[in-house]
Amino acid sequence: TSAAAAFGVLRTNLPQDADALHAIGVLGLRSGAPDRALEPLSRAIALNPRQPAYRCHLAIAYRNLGLQNRAIAELEAALALDPALAEAHSNLGNLLLERGDNAGAEASFGRALALRRDFPFALLGQGTARLGLGQCEEAAANFEQALALDSGLHEALYNLSQARSALAAR
């Protein structure tokens with residue numbers, strides 16, 4: 001495609017501007033090539049290590065490549081730079097969920113929601129973590145709030161039915 005060709009040209013002639021490198025890395029992510037995003041994002045960070053957005057996008061690339069530990073490390077570094085990044089807390093929560101760390105995920109989603117109450121994906125994540133912790137009433141409330149904000153979250157609808165089934169079985 002023309003986007004892939006443009007990406008190839010940009011990648012072979014990488015600029016020395018951190019923002020331009022970041023943009024090239026994001027283009028790699030959006031084109032479904034997280035492996036192509038690693039070099040420009042890493043170089044952007046080398047040029048400007050205090051920019052949390054660069055680290056968040058590098059974390060997404062690592063996650064898409066199955067490199068959870070590296071993704072978590074980048075998100076933690078981004079949050080050390082700016083703890084007010086709700087999306088980074090939510091992304092970290094998702095990685096912790098993937099690891100089976102429901103308590104850590106619940107806390108991370110809680111931090112995201114403390115920053116942004118109307119964040120349906122963080123509500124879904126926190127509900128999923130709470131369901132894994134056996135907190136079915138709280139999980140159901142999370143899923144209901146997520147669905148009120150985004151009725152298209154099918155996973156929240158499915159998980160809500162799971163939470164309600166678990167409550168009915170008690």
Side-chain angles (χ1 to χ4, degrees), residues 22 25-26 28-39 41-42 44-45 49 51-170:
H22 175 244
V26 170
L29 288 173
R30 289 186 179 161
S31 68
D35 55 320
R36 292 184 188 170
L38 293 178
E39 183 183 359
L41 290 171
S42 295
I45 291 168
Q51 176 50 265
Y54 300 170
R55 293 184 177 280
C56 289
H57 283 113
L58 184 57
I60 292 168
Y62 283 142
R63 180 181 184 203
N64 291 344
L65 293 169
L67 301 171
Q68 287 185 339
N69 290 340
R70 288 185 177 183
I72 288 170
E74 288 301 330
L75 287 170
E76 288 173 343
L79 288 166
L81 293 169
D82 185 355
L85 294 172
E87 290 81 4
H89 286 291
S90 185
N91 287 337
L92 180 58
N94 283 318
L95 283 161
L96 295 173
L97 269 180
E98 290 171 10
R99 277 190 164 177
D101 180 0
N102 289 316
E106 195 276 337
S108 192
F109 289 120
R111 287 187 289 276
L113 290 166
L115 294 164
R116 190 172 140 205
R117 286 298 315 156
D118 64 340
F119 194 174
F121 296 107
L123 286 161
L124 169 63
Q126 187 177 52
T128 303
R130 286 176 167 172
L131 192 58
L133 292 168
Q135 300 170 358
C136 298
E137 287 181 40
E138 296 87 348
N142 281 116
F143 300 137
E144 289 168 352
Q145 290 173 333
L147 287 164
L149 292 168
D150 184 346
S151 62
L153 281 178
H154 301 292
E155 187 177 351
L157 187 58
Y158 175 78
N159 288 355
L160 177 59
S161 71
Q162 296 295 314
R164 287 181 176 161
S165 293
L167 285 168
R170 288 185 179 174

Legend entry - Counterpart residues, side chain to side chain contact (heavy atoms under 4.5 Å, CB included), relative to Leu147 (two or more places apart):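 Leu147 satisfies side chain to side chain contact (heavy atoms under 4.5 Å, CB included) with Leu153, Ala156, Leu157, Leu160 once adjacent residues are dropped.
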
Inset, instruction - Applying side chain to side chain contact (heavy atoms under 4.5 Å, CB included), name anything that partners Ala84, two or more places apart in sequence or on another chain. - result: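 If we apply the side chain to side chain contact (heavy atoms under 4.5 Å, CB included) test to Ala84, skipping adjacent residues, the hits are Asp82, Leu115.
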
Atom pair [atom1]/[atom2] of [X] and [Y] - distance to nearest 0.5 Å:
X	Y	atom1	atom2	result
Asn94	Phe121	CG	CZ	10.0 Å
Ile60	Leu65	CD1	CG	12.0 Å
Leu92	Ser108	CG	OG	4.0 Å
Leu149	Leu123	CG	CG	6.0 Å
Leu67	Leu95	CG	CG	11.0 Å

With a cut-off of 3.5 Å and sequence neighbours excluded, list every side-chain donor-acceptor pair involving residues 125-143.
unit_1, atom_1, unit_2, atom_2, d
Gln126, OE1, Asn142, ND2, 3.0
Gln126, NE2, Glu106, OE2, 3.0
Thr128, OG1, Leu124, O, 2.8
Thr128, OG1, Asn159, ND2, 3.1
Arg130, NE, Glu106, OE2, 3.1
Arg130, NH1, Asn142, OD1, 2.8
Arg130, NH2, Glu106, OE2, 3.1

Inset, instruction - State whether the number of non-hydrogen atoms from other residues, nucleotides or ligands found under 6.0 Å of Phe119 atom CZ is greater than 12. - result: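 Yes - once you tally the heavy atoms of other residues, nucleotides and ligands closer than 6.0 Å, there are more than 12.
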
How would you list, by chain and number, every residue that makes a side chain to side chain donor-acceptor pair (under 3.5 Å) with [X], sequence neighbours excluded?
X	result
Glu87	Arg116
Arg55	Glu74
Gln162	Tyr158
Arg70	none

Legend entry - For the student: nearest non-hydrogen atoms of Ala122 and Ala112, plus distance: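 Looking at all heavy atoms of both residues, the closest pair is CB-CB, 4.0 Å.
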
Legend entry - Pairing residues for Glu144 by the salt bridge (charged side-chain N to carboxylate O under 4.0 Å, His left out) criterion, not counting sequence neighbours: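 So Glu144 forms a salt bridge (charged side-chain N to carboxylate O under 4.0 Å, His left out) with Arg164.
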
Inset, instruction - Apply salt bridge (charged side-chain N to carboxylate O under 4.0 Å, His left out) to Glu98 and list each qualifying residue two or more places apart in sequence or on a separate chain. - result: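 For Glu98, the residues satisfying salt bridge (charged side-chain N to carboxylate O under 4.0 Å, His left out) (neighbours in sequence not counted) are Arg63.
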
Legend entry - All ring pair (Phe, Tyr, Trp, His ring centres under 6.0 Å) counterparts of His57, not counting sequence neighbours: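 Result, ring pair (Phe, Tyr, Trp, His ring centres under 6.0 Å) vs His57: His22.
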
Legend entry - Donor-acceptor under 3.5 Å (Ser42 side chain, Leu38 main chain):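 Yes, because the side chain of Ser42 sits within donor-acceptor range (under 3.5 Å) of the backbone of Leu38.
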
Inset, instruction - Among Leu41, Leu85, Leu79, find the residue that satisfies the side-chain contact (heavy atoms from CB on, under 4.5 Å) test when tested with Cys56. - result: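 Answer after filtering Leu41, Leu85, Leu79: Leu85.
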
